[in-house]
Amino acid sequence: MEAFALLSRGGARFNKDRFRDQVRLFETTGEASTSSDTGIGAASLPTELDFFKYASGSDTKPRSTKSKGKLPAAATSPLLGSSMLLEDAMSVDEEGSSGDESSTGRSIHRIAATGSRIPEPAGDFEILSQRYGLSQLLLDNLASNELSHPTAIQCQAVPILLEKRDLAGISPTGTGKTLAYVLPMFALLGSPLTSKDRPEAQQGTKEHGPRALIVCPTRELAGQIYNECMKLAQGRKWNILLFSKGASSSEQKKAMGKVDIVIGTPLRILAAIREEAIRLDNVRYLVLDEADNLLDTDFGKQTEEVLESCTHPDLQKCIFSATLPQVAERVAKRVLVDPVRVVVGVKDSASLNVAQTLTYCGTEVGKLFALRQLLATSPPLPMLIFVQSKERAKQLYQELLYDNLTVDQLHSDMTSKQRIESVARMRRGETWVMVCTEVMARGMDFGGIKGVVNYDFPTTVQGYVHRIGRTGRAGRTGVAVTYFTDADVPFLRPIAQMINQTHAQIPEWTLKLNKARKMKSDEKRRRKVKRDSVTKVAGGLVGRRDALRRRHGGKKEKKLSPRGGRNGARTSSSAIDASGDDGEWSGLS
DNA sequence: TCGCTTT
């Protein structure tokens with residue numbers, strides 16, 4: 001009974017007006033808290049993206065006694081010399097204690113930086129340029145890609161990296177982390193290396209192979225980072241290599257030649273090392289993107305092996321993610337040398353631009369029912385629908401195929417080509433609904449995504465944060481809908497709390513769940529739920545697909561496109577359209 | 001469970 005009541009209240013009667021209110025409510029609360037930090041009225045951008053707020057914010061605060069143009073090397077910090085352990089630092093940012101950091105602008109952006117000799121943040125690219133001498137070409141490339149103002153993480157991370165420091169950068173999804181490490185990478189590399197530049201050096205063994213390496217967990221993300229690099233690479237003959245399965249093998253063979261930057265997935269890089277197609281002893285700039293994922297138990301071994309292959313004495317390392325659980329933090333502490341740890345906002349928190357809801361659906365049947373209801377009434381399109389397994393992705397895809405919308409799928413059972421094409425259709429705006437596995441959960445930046453549906457309940461809080469972070473990017477708003485069934489209830493608490501923290505409206509009883517009911521293996525925060533097949537369910541939903549197929553005469557009905565081709569204006573960190581569609585990196589294959 | 005080499 002209660003189940004039915006909740007179903008109809010929470011999800012099935014999903015109604016546009018109610019929803020709209022939620023978004024508004026949400027935005028209001030979000031802005032209220034940021035404006036209290038700045039003493040400035042609410043603006044349309046979230047703190048971490050509002051650079052003007054940053055600029056004017058320093059006027060409303062007491063001026064720093066330090067001179068603004070002071071060299072960062074001489075900059076002091078409340079934590080100077082304390083050389084805090086990464087773990088120790090955790091308590092600091094949670095209490096929001098930052099000593100005199102209001103004078104540096106960190107508090108305005110809610111940046112917490114810990115470590116020794118922390119460089120001053122830079123409020124815009126001109127300041128950066130003056131301080132560190134960025135090339136005019138680099139500045140032009142930023143400008144021509146509409147990257148006019150740095151985001152919070154960029155303000156703080158770029159100076160740190162330019163001073164050749166190790167860094168752990170933690171910033172919410174969609175806040176421009178890629179550019180935060182790509183920009184200093186190009187600045188530090190200076191110019192592309194050619195054999196003409198250094199004929200003798202080419203002979204020396206130390207001078208082979210890339211000088212910069214970016215590691216990330218999926219091929220799609222690698223491709224996206226590649227595109228982001230190409231934006232700043234314009235005008236010079238940088239040799240940038242996309243190194244993952246699905247990328248061109250002939251291109252990858254060049255890895256031993258004059259290569260500046262390699263971007264790749266762990267296993268592919270290791271394979272290349274083993275077959276001596278690449279060597280990493282010339283790498284001076286190493287990035288682990290989605291670091292907690294790369295350092296977790298599954299990926300960890302591979303990643304550490306890659307790390308061990310980077311033997312250059314001047315190796316600079318940085319890791320980035322929106323989430324960094326303690327386990328990963330511990331590894332990071334071990335790997336990084338005298339690092340600065342930067343946290344924008346609150347660590348492990350969800351994007352404030354996403355309106356979140358949690359919906360009880362009782363059973364598998366209930367979820368399908370709720371989803372159809374959502375799709376039929378006020379779906380936030382385009383959207384991603386996350387499921388737990390590849391099989392379920394295929395099933396749900398098939399199930400939705402004959403509904404009147406353009407649906408697509410993406411999971412690792414598809415071929416490289418299929419995956420590339422699926423991403424391309426999404427980028428071009430041809431797909432309304434993409435059914436996908438965790439492969440799409442991290443880093444992917446389809447700028448126009450309006451909705452995320454957690455059809456299957458996420459197995460970790462981090463997973464939740466990253467999934468819903470596919471929307472609400474670069475200052476836009478988005479919505480996230482999470483379904484759960486009776487089987488998910490024991491695992492509900494941490495995610496329900498997270499949603500509650502961000503002011504979303506969720507069924508009250510989910511918050512009152514007895515703490516004892518939460519997962520036993522709290523350490524890993526993982527779980528296993530055996531799920532029925534999406535389609536193999538009792539009752540009236542069986543056979544629906546066949547009915548639809550008959551109705552459509554075996555053909556797909558003409559389907560509307562979610563967007564009229566291209567996305568509208570886009571802001572800084574949204575990587576996608578500005579550089580065109582898929583072709584850029586898939587074209588290499 | 002998912003993701004990640006090449007042959």
Side-chain angles (χ1 to χ4, degrees), chain A residues 213-225 241-253 255 262-280 288-307 309 321 323 328 384-397 409-416 418-420 422-423 434-444 454-467 470 487-488 491 519 521 524-534 589:
Chain A
L213 175 67
I214 302 171
V215 187
C216 66
T218 66
R219 296 175 205 168
E220 282 76 15
L221 185 50
Q224 190 177 277
I225 295 167
L241 216 48
L242 178 57
F243 218 68
S244 74
K245 195 181 181 183
S248 158
S249 56
S250 65
E251 283 286 320
Q252 294 182 31
K253 280 176 190 144
V262 166
I263 304 153
T265 48
L267 214 45
R268 180 68 192 84
I269 294 168
L270 286 182
I273 294 172
R274 288 200 193 103
E275 64 200 27
E276 300 188 322
I278 195 176
R279 50 189 308 161
L280 301 181
L288 302 185
D289 202 350
E290 306 299 343
D292 57 334
N293 195 19
L294 287 175
L295 295 173
D296 76 7
T297 42
D298 295 333
F299 261 123
K301 262 198 115 178
Q302 299 171 17
T303 308
E304 295 224 28
E305 222 179 310
V306 173
L307 279 169
S309 305
S321 185
T323 55
L384 296 177
I385 303 179
F386 284 98
V387 292
Q388 196 183 42
S389 69
K390 295 178 275 194
E391 277 317 305
R392 285 177 62 78
K394 294 173 201 169
Q395 290 166 4
L396 186 58
Y397 169 72
Q409 58 178 337
L410 188 7
H411 50 76
S412 67
D413 267 1
M414 294 158 67
T415 64
S416 290
Q418 288 173 322
R419 285 169 65 162
I420 287 166
S422 185
V423 169
M434 176 183 271
V435 180
C436 58
T437 59
E438 214 68 19
V439 70
M440 285 289 99
R442 282 170 175 266
M444 293 310 294
N454 289 312
Y455 190 81
D456 289 341
F457 199 73
T459 55
T460 64
V461 195
Q462 289 81 23
Y464 175 79
V465 169
H466 285 279
R467 281 181 180 190
R470 293 322 95 206
D488 300 314
F491 315 104
M519 294 169 250
S521 61
K524 285 190 158 188
R525 308 216 137 183
R526 305 214 171 202
R527 58 154 196 161
K528 280 178 185 128
V529 172
K530 285 203 173 162
R531 297 195 183 277
D532 294 329
S533 122
V534 170
S589 45

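Chain naming here is simple, since letters A, B, ... match the order of the sequence lines and numbering starts at 1 in each.
- Residues passing the salt bridge (Lys or Arg N to Asp or Glu O under 4.0 Å) test with A:Arg419 are A:Glu220, sequence neighbours excluded.
- The distance from atom CZ of A:Arg219 to atom C1' of B:dT6 is 12 Å, rounded to the nearest whole Å.
- Counting to the nearest Å, the P atom of B:dC2 and the CG atom of A:Leu221 are 20 Å from each other.
- Contact between the side-chain N/O atoms of A:Arg274 and the OP1/OP2 oxygens of B:dT5 is not found at any separation under 4.0 Å.
- Listed by chain and number, the residues in a salt bridge (Lys or Arg N to Asp or Glu O under 4.0 Å) with A:Lys390 are A:Asp413 (sequence neighbours excluded).
- The side chain of A:Arg419 places an N or O atom within less than 4.0 Å of a non-bridging phosphate oxygen (OP1 or OP2) of B:dC4.
- Residue contacts shown for A:Pro217 are limited to sugar-phosphate atoms, with no base heavy atom under 4.0 Å away.
- The nearest whole Å value for the distance from the NE2 atom in A:His411 to the P atom in B:dC2 is 10 Å.
- Dashed line: the shortest gap from a side-chain N or O of A:Thr265 to OP1 or OP2 of B:dT5 is under 4.0 Å.
- Here B:dC2 is the nucleotide among B:dC4, B:dC2, B:dT6 with the atom lying nearest to any side-chain atom of A:Ser389.
- Straight-line distance from the CG atom of A:Asp456 to the P atom of B:dC2: 11 Å, rounded to whole Å.
- Formation of a donor-acceptor pair under 3.5 Å by the A:Arg467 side chain with backbone atoms of A:Ile385 is not found in this model.
- Taking only distance into account, the side chain of A:Asp298 never meets the base of B:dC4 through a donor-acceptor pair shorter than 3.5 Å.
- Taking atom CG of residue A:Asp296 and atom C1' of nucleotide B:dG3, one finds them 10 Å apart after rounding to whole Å.
- Contact annotation: A:Thr437 reaches the phosphate of B:dG3 (side-chain N/O to OP1 or OP2, under 4.0 Å).
- The phosphate of B:dT1 has neither OP1 nor OP2 within less than 4.0 Å of any side-chain N or O from A:Arg531.
- Under 4.0 Å is where a charged nitrogen must lie from a carboxylate oxygen, and between A:Arg531 and A:Glu391 no such pair does.
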